[in-house]
Amino acid sequence: MTIHWFRYLVFFPILSNLFFLFPLFSESLVLIKGGKLAPLYGLPEGKTFINVSDFYIDPYPVTNELFFEFVKKKTDFQKKKISKLYADCEYLKHWDPYPLEKQMKSPVVYVSWFAADEYCRSKGGRLPTIFEWEYVAQASETKKEGSKDERFLKKILEWYSKPTVAEMRAVGKEKPNFWGIYDLHGLIWEWTEDFNSVFVTSDNRQDKDQLKALFCGATGVGADRLNYAAFMRYALRNSLRGDYTLPNLGFRCAYSISGEKK
Amino acid sequence: MMRLFFMMLFSSAVYAGGSIYDIPLQWTDENSQAFDLKQCSGKLTLVTMVYTRCQTQCPLLIGKMKSIQKLLKQEEKKVEFIVITMDPVTDTPQKLKDYKEWQKVDFPNWHFLRGDEKDTRKISVLLDIRYQKEEESGHFMHDNKVVLLDKRGTISYVLNGLDADPKPLVNAITKKKSFLEAFRHFFSPQE
């Protein structure tokens, strides 16, 4: 019997697709090599960048499926049981009372900072800091530093200008960025560990003029004001409280190099 | 029996809103002893966040707390004063102890607490006190808030800003009992 090896080529598209889908269902983390970031905000006077250390991050936002698995174990974070301190009344509003099959691969939204924080802790990680998130998110599809790339910024702003869709698409459907990270832009906004460190509007140190000289560790605004997309993210973070839940606000986890990676 | 019924009805045990006192966070006080916020349950508690290297705003914040203490009458002094450092990396219990002595607040109802960075961030989110560390100088940009927690551990008043008048907060502590509170107190006088 002659083996017509070339007939096996019919399996090639199937196998290659499986290979493509594999990372979507694995929880493999991506190592982000640290570097310089010129954040929109939070730089001391005279500095133009900060150093971000190496860290790991989830390649995809946390999906409804993964969060559902989490609340099955962590029952005090279930929709009906969560403390009012931890989430407002819209928590997991899109579940009925569980996620529908078609929602499983979509990013979980309507989650509070406390729920996101607890999820990441349960995985041995944490939420990414603002600087870490911005560092990864400044990468375009081809460049580590895309914040000067007008086409890249325009694409982000175009997404920001569109209303939130009623049904989120599945994660991982667009091209990843330089680091291999998916959906940092174009699908959801994301919680960060230190979201409440943003002072876009005058903070209450500036109550009265006579107090201006008393600031401890006053920081200057020394970054690129052209990056309007980053400004919008900072403005959103400034408006949040830990118990807030929004229809387009989800999260992913980060892991420090020393000891937090499971 | 009737008394028991009303005690159950109005006791804090049936309160479902969530208590900051019950959040499982790990704290160490200025004497290196573990401190559980649960021990503040049933008491009024004033909380603020500072760091000891802060030479300008933070002493003013502590001063605000001291002025509140002075305004309280003797019988109302059962208020706990909690000062949490936003700089747990630098502020060891010994540093907090020195700071407490320097501030001349060596009273048993004043507690200077230190947690790990995660728990510190978590309490700041719970209290809505924003802070940001400037890595190079080690200083912090931060809110200047004094938060009043009621006996159940929920936020009942926030003194926001260094120039805010503390009297409304003092009034919130010393206010006459509402009808409901008087009713609860009648059936549950130990509270």
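This is a predicted model, so every value here is computed, not measured. Proteins come first, then strands; the chains are lettered A, B, ... in the order of their sequence lines, and each starts at number 1.
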Got a sec: does the CD of B:Gln26 have more than 12 other heavy atoms crowding it under 6.0 Å? no
Within 6.0 angstrom of A:Tyr160 OH, more than 12 heavy atoms from elsewhere: yes
Enclosure of A:Glu145 CD (heavy-atom neighbours >12, cutoff 6.0 Å): yes
Please check this pair: side chain of A:Arg241 against backbone of B:Val125, looking for a donor-acceptor N/O pair closer than 3.5 Å. no
Assess whether a salt bridge exists between B:Lys122 and A:Asp194, defined as any Lys/Arg side-chain N lying under 4.0 Å from an Asp/Glu carboxylate O. no
Pair B:Asp119-A:Arg121, salt bridge (charged side-chain N to carboxylate O under 4.0 Å, His left out): steps then yes or no: CA-CA 12 Å; B:Asp119 283 355; A:Arg121 285 191 194 214; 3.6 Å; yes
Taking every heavy atom of B:Gly18 against every heavy atom of A:Ser83, the minimum-distance pair comes out as CA-OG, 3.6 Å
Counting heavy-atom pairs under 4.5 Å to chain A, which of B:Asp128, B:Ile155, B:Leu126 comes out on top? B:Leu126
Just so I know, are the side chains of B:Thr154 and A:Lys84 near enough to count as touching, which here means a heavy-atom distance under 4.5 Å? no
Taking all non-hydrogen atoms of both residues, which atom of A:Asn196 and which atom of B:Ser124 are closest, and how far apart? ND2-OG, 2.9 Å
Provide the closest heavy-atom pair for A:Ser197 versus B:Tyr131 in the form atom of the first, atom of the second, distance. CB-O, 2.9 Å
Should the heavy atoms of other residues, nucleotides or ligands under 6.0 Å from NZ of A:Lys36 be counted, would the total exceed 12? no
Closest heavy-atom pair, A:Glu193 versus B:Arg121, reported as atoms and distance to 0.1 Å, is O-CG, 3.6 Å
Which atom names give the shortest non-hydrogen contact between A:Phe131 and B:Gln132, and what distance separates them? CZ-NE2, 4.2 Å
Which portion of A:Phe195 sits near chain B, non-hydrogen atoms under 4.5 angstrom: both
Using heavy-atom distances under 4.5 Å, tell me whether A:Leu240 contacts chain B through its side chain, its backbone, both, or neither. backbone
